[in-house]
Amino acid sequence: GNAVTRLVLSLLVALLAAPSLPRAEEPAGGTARERFESLSPEEKEAVREKWRTFRSLPPERQAELRERLERYRALPPERREAVVRSFRTFERLPAGERKELLERFARFRELSPERREKARATMARILEASPRERARFLENLRRWRDMGPEERDRMRERFRDRGGRR
């Protein structure tokens with residue numbers, strides 16, 4: 001469930017935040033062991049517990065998480081740092097906000113590839129917009145959320161009738 005996901009994410013972030021993760025070409029007993037040995041007893045136990053949690057996952061889930069780790073490792077250093085900063089920011093959010101974000105992300109992942117790309121493009125436009133345009137968009141979004149289903153349907157129909165123009 002969510003608790004397992006949080007624990008696995010924490011393990012991955014702990015692994016990802018390590019200064020340099022060992023690669024296949026590094027000698028056995030290299031930097032990963034040294035980093036582990038430099039941890040406090042409490043930190044070692046936390047890592048062991050997260051490892052046990054990871055090992056308890058189905059093999060398919062383990063493979064998925066390993067693939068994500070490899071994708072992370074393939075990122076340029078500045079992008080990896082941004083990912084870690086974002087995750088740390090996420091961890092500091094109240095539990096309710098984290099839950100809502102995870103639910104929204106799950107819904108996003110259920111979208112068709114075309115709808116996901118459209119959502120990404122829209123988000124990019126919002127992030128690149130001027131502060132004034134961004135504020136206007138966020139206000140429109142707030143109003144949209146406050147509308148009931150019937151009012152939203154009427155707005156969609158008006159938008160369609162105008163040929164998608166504002």
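Side chains included, hydrogens not; waters and symmetry mates left out as well; all remaining heavy atoms used. All figures in this text were calculated on a predicted structure; none of them were measured in a lab.
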Straight-line distance of Met123 CE to Phe137 CZ, nearest 0.5 Å = 6.5 Å

Rounded to the nearest 0.5 Å, what separation is found between the CZ atom of Phe54 and the CZ atom of Arg66?
-> 4.0 Å

Give a yes or no on whether a salt bridge exists between Arg154 and Glu150, defined as a side-chain N under 4.0 angstrom from a carboxylate O.
-> no

Over 12 non-hydrogen atoms of neighbours within 6.0 angstrom of NZ in Lys44 | yes

Is it true that the side chains of Glu34 and Thr31 contain a donor and an acceptor less than 3.5 Å apart?
-> no

Report, as yes or no, whether the 6.0 Å neighbourhood of atom CZ on Arg142 holds more than 12 heavy atoms from other residues, nucleotides or ligands.
-> yes

Determine yes or no for a side-chain-to-main-chain donor-acceptor pair under 3.5 angstrom, with Glu133 supplying the side chain and Ser130 the backbone.
-> yes

Would you call Arg98-Glu91 a salt bridge at under 4.0 Å N-O?
-> no

Main-chain N/O of Arg125 paired with Glu128 side-chain donor or acceptor, under 3.5 Å | no

How many angstroms lie between CG in Leu111 and CZ in Arg120, if you round to the nearest 0.5 Å?
-> 9.5 Å

Residue that, paired with Ser112, satisfies side-chain hydrogen bond (donor to acceptor under 3.5 Å, both in side chains) out of Arg115, Glu114, Glu110 | Glu114

Should the pair Asp153-Arg156 be classified as a salt bridge under the 4.0 Å nitrogen-to-oxygen rule?
-> yes

